[in-house]
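When a residue number appears, it is its place in the shown sequence, counting from 1.
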Amino acid sequence: MQTRILCVLRATAASWWRHEELRRTGQIDRAREFERETIRRDLGYLRLATTLPNAHVVCGGGGTFIHLGWTTVSNYAPIERFPLASLTVALGTPFIDIRPVADVVAFASLPRVVRGPFDEDAAAGSGTDVPLTTYIDLIEPLGACIVNDPRQRRDL
C-alpha cells in the first residue's frame, strides 16, 4: 500500500504544470526538489486525514474538499480527478458525496462540522458546530452518499 501511495503522489507531483515547465527548461534538479516538497506536504495531509476524528472528504458541484480541522485542501474537480482525495478515502477517511443533494436550502441551513477537538458542553447550545457523525446524520436524509461511515465504526 505504501509503495502505491508514493507512486500516485510522485506521478501527481511530476504532472503539475510548474514542475513540467521546470523540466522542459532543463531545471531538472529544481523540479525534483519541488516535487519532493509536494510529496512531503501531501503525505502530511494523508497522515492528518487518517488521525483527526472529524477529518472528512466532501465532493459537490464546486469540487472536492479534504477537511482537516482548520485546514482545507481543495480542487475544482470531482473526486475522480483529485488523486490526493481518492487516496485519503482509500485509507479510510469518511467521504460525503453531496452531488445527489437536491434541496439546496436545507443543505445550506446545516451546521458546520466542528474544526478542532469537539467540546460537547460548548457546542450544546450553539448548533453551529457539530461532530462529523451528527453532520452525517443530518445530511444523509437529504440524499448524500456516505463512504467509510464513522458511525459504523462507533457501533463496533
Side-chain angles (χ1 to χ4, degrees), residues 1-17 19 32 34-104 106-124 126-156:
M1 182 66 140
Q2 190 70 15
T3 304
R4 193 180 108 225
I5 291 171
L6 287 175
C7 286
V8 170
L9 293 178
R10 282 187 187 127
T12 303
S15 69
W16 196 45
W17 69 267
H19 302 161
R32 286 183 183 153
F34 284 134
E35 288 166 9
R36 282 191 289 272
E37 286 177 19
T38 301
I39 291 167
R40 280 193 296 271
R41 181 200 65 213
D42 289 350
L43 279 172
Y45 291 147
L46 287 173
R47 285 187 186 109
L48 281 173
T50 58
T51 58
L52 295 174
N54 286 318
H56 60 287
V57 177
V58 176
C59 182
T64 305
F65 302 86
I66 304 172
H67 294 279
L68 304 167
W70 292 105
T71 303
T72 299
V73 183
S74 65
N75 191 337
Y76 295 112
I79 190 167
E80 298 84 12
R81 291 189 18 232
F82 190 9
L84 183 60
S86 296
L87 282 174
T88 303
V89 173
L91 291 173
T93 301
F95 171 58
I96 304 169
D97 188 351
I98 60 171
R99 291 175 287 188
V101 173
D103 190 348
V104 180
F107 174 70
S109 65
L110 290 177
R112 298 181 311 224
V113 175
V114 68
R115 294 175 186 248
F118 187 65
D119 181 6
E120 291 184 28
D121 297 330
S126 71
T128 58
D129 291 344
V130 295
L132 180 59
T133 53
T134 303
Y135 183 78
I136 291 173
D137 288 338
L138 297 170
I139 198 164
E140 195 172 39
L142 297 177
C145 299
I146 312 299
V147 176
N148 299 331
D149 194 336
R151 298 171 299 178
Q152 293 171 352
R153 285 186 234 146
R154 182 178 61 190
D155 294 341
L156 296 177

Which residues share a side chain to side chain contact (heavy atoms under 4.5 Å, CB included) with A106, sequence neighbours left out: D103, L142

Distance in Å, I136 CD1 paired with I146 CD1, rounded so as to fall on 0.5 Å steps: 5.0 Å

C59 to T64 - nearest heavy-atom pair and separation: SG-OG1, 3.5 Å

Min side-chain heavy-atom separation T38-H19 under 4.5 Å: yes

Heavy-atom check, side chain of I96 versus side chain of L132, under 4.5 Å: yes

Inter- and intrachain pairs under salt bridge (Lys or Arg N to Asp or Glu O under 4.0 Å), touching residues 54-82, at least two apart: E80-R99

Check: R10 and I39 side chains under 4.5 Å, non-hydrogen atoms: yes

Shortest non-hydrogen contact from G143 toward V101: C-CG2, 4.2 Å

Side chain T93, main chain T88, donor-acceptor under 3.5 Å: yes

Salt bridge (Lys or Arg N to Asp or Glu O under 4.0 Å) contacts in which one or both residues fall within residues 49-59, not counting sequence neighbours: none

Any residue meeting salt bridge (charged side-chain N to carboxylate O under 4.0 Å, His left out) with E37, in chain and number order, not counting sequence neighbours: none

Residue pair T71, I66: steps toward the side-chain contact (heavy atoms from CB on, under 4.5 Å) verdict: CA-CA 8 Å; T71 303; I66 304 172; over 6 Å; no

For F82, the option from V89, V57, V73 that meets side chain to side chain contact (heavy atoms under 4.5 Å, CB included): V73

Sub-4.5 Å side-chain heavy-atom contact between R4 and L87: yes

Closest non-hydrogen atom pair, A55 against L68: CB-CD2, 4.0 Å

Selection residues 61-75 - residue pairs positive for salt bridge (Lys or Arg N to Asp or Glu O under 4.0 Å), sequence neighbours left out: none

Taking every non-hydrogen atom, the tightest pair across V114 and P131: CG1-CA, 4.1 Å

Distance-only donor-acceptor hits, side chain of residues 45-53, under 3.5 Å, sequence neighbours excluded:
from : atom 1 : to  : atom 2 : distance (Å)
T50  : OG1    : L46 : O      : 3.3
T50  : OG1    : R47 : O      : 3.0
T51  : OG1    : R47 : O      : 3.0
T51  : OG1    : L48 : O      : 3.3

Closest contact, heavy atoms only, F65 versus S74: CD2-CB, 3.2 Å

Side chain to side chain, H67 and V113, heavy atoms closer than 4.5 Å: no

Any side-chain heavy-atom pair of L84 and T12 under 4.5 Å: no

